[in-house]
Amino acid sequence: MTGKVDGYDSVTCIKGGTFNGNDNNVFHHLSPAQADDSFEVSGGTFNKSIPDCCCSDGFIPTKNADGTYGVKEGIYIAQVGSKK
């Protein structure tokens, strides 16, 4: 669990490990702006997809061949509407 308090920096860096979340996702946020300040994912295996706003700079979400989710090095090169 991680949290953000206005006026204080708080970041959870995930570089590896296995994470199993309940309901819709592993990351629960009130807004994408909070996610940007709370998580930096650059590794690990997850049972739910990872929002792109939680990825470390230079990483994007990916679905693994075994049905799990993670991140890979890369950047988006185009966006149409909300689809990157």
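- Residues Glu73 and Phe59 share a closest heavy-atom pair of CG-CE2, 3.5 Å.
- Not a single donor-acceptor pair under 3.5 Å links the side chain of Glu40 to the backbone N or O of Ser42.
- Interatomic distance, OG1 of Thr45 versus CG of Asn20, reported as 9.5 Å (0.5 Å rounding).
- In Asp57, the CG atom is not crowded: 12 or fewer heavy atoms of neighbouring residues, nucleotides or ligands sit closer than 6.0 Å.
- Asp66 contributes a side-chain N or O that, together with a main-chain N or O of Thr68, makes up a donor-acceptor pair within less than 3.5 Å.
- Phe19 is listed as a side-chain neighbour of Ile14, based on a closest heavy-atom distance under 4.5 Å.
- A distance of 13.0 Å separates NZ in Lys63 from CD1 in Ile50, rounded to the nearest 0.5 Å.
- Looking only at side-chain heavy atoms (C-beta outward), Val71 and Thr62 stay at 4.5 Å or farther from each other.
- In this structure the side chain of Pro61 reaches within 4.5 angstrom of the side chain of Cys55, judged on heavy atoms.
- When side chains are defined from C-beta on, Val41 counts as touching Phe46, because their heavy atoms get closer than 4.5 Å.
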